[in-house]
Amino acid sequence: MTIVKASMAGTVWKILVQEGEEVAAGQDVVILESMKMEIPIATEEAGTVKRVIAAEGDFINVDDDLVEIG
């Protein structure tokens with residue numbers, strides 16, 4: 001099981017995956033917005049999205065959990 005974590009603080013602008021979806025290593029799963037920039041966050045491992053933890057509009061901090069991949 002892998003937890004995709006935020007690499008920086010910001011607002012969750014868009015969730016790109018849904019629970020049950022298959023994802024590939026390197027695939028963007030969330031886009032954060034910080035200082036008017038959009039920052040894609042990718043998973044490092046392939047698998048199935050088990051849980052989307054963050055929601056669009058949430059403010060998150062560095063290392064907060066975003067998506068669980070199993």
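Worth knowing before you read on, the calculation uses all heavy atoms, side chains too, and leaves out hydrogens, waters and symmetry mates.
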Practice task
Let me see the working for T43 and V67 under side chain to side chain contact (heavy atoms under 4.5 Å, CB included), right down to the final yes or no.
Solution key: CA-CA 9 Å; T43 179; V67 177; over 6 Å; no
Completion exercise
What one should report as the nearest heavy-atom pair of Q27 and E21 is NE2-OE2, 3.9 Å
Problem - T11 side-chain N/O to W13 backbone N/O, donor-acceptor pair under 3.5 Å - result: no
Handout entry: Verify same cluster id: I53, M8 (apolar side-chain graph, 4.5 Å)
Key = no
Problem - Over all atoms of both residues, closest heavy-atom pair of V17 and V52 - result: O-CG2, 4.0 Å
Problem - Cluster link M37 to V30, ILVMFWY, side chain under 4.5 Å - result: yes
Exercise for the section: Mind listing the closest non-hydrogen atom pair of V12 and A55 along with its distance? Expected result: CB-O, 3.4 Å
Problem - Considering all heavy atoms, the nearest S34-A9 contact - result: OG-O, 3.3 Å
Problem - Side-chain donor/acceptor of E56 to backbone N/O of I15, under 3.5 Å - result: yes
Exercise for the section: To the nearest 0.5 Å, tell me how far D28 CG sits from I39 CD1. Expected result: 11.5 Å
Fill in the blank from the handout: Rounding to 0.5 Å, atoms CD1 (I3) and CZ (R51) come to a distance of 6.0 Å
Handout entry: Set of side-chain contact (heavy atoms from CB on, under 4.5 Å) partners for E22, sequence neighbours left out
Key = T48
Practice task
Measure across Q18 and V49 and return the closest heavy-atom pair with its distance rounded to 0.1 Å.
Solution key: O-CB, 3.4 Å
Practice task
Heavy atoms only: give me the nearest K5-L66 pair and the separation to one decimal.
Solution key: C-CD1, 3.9 Å
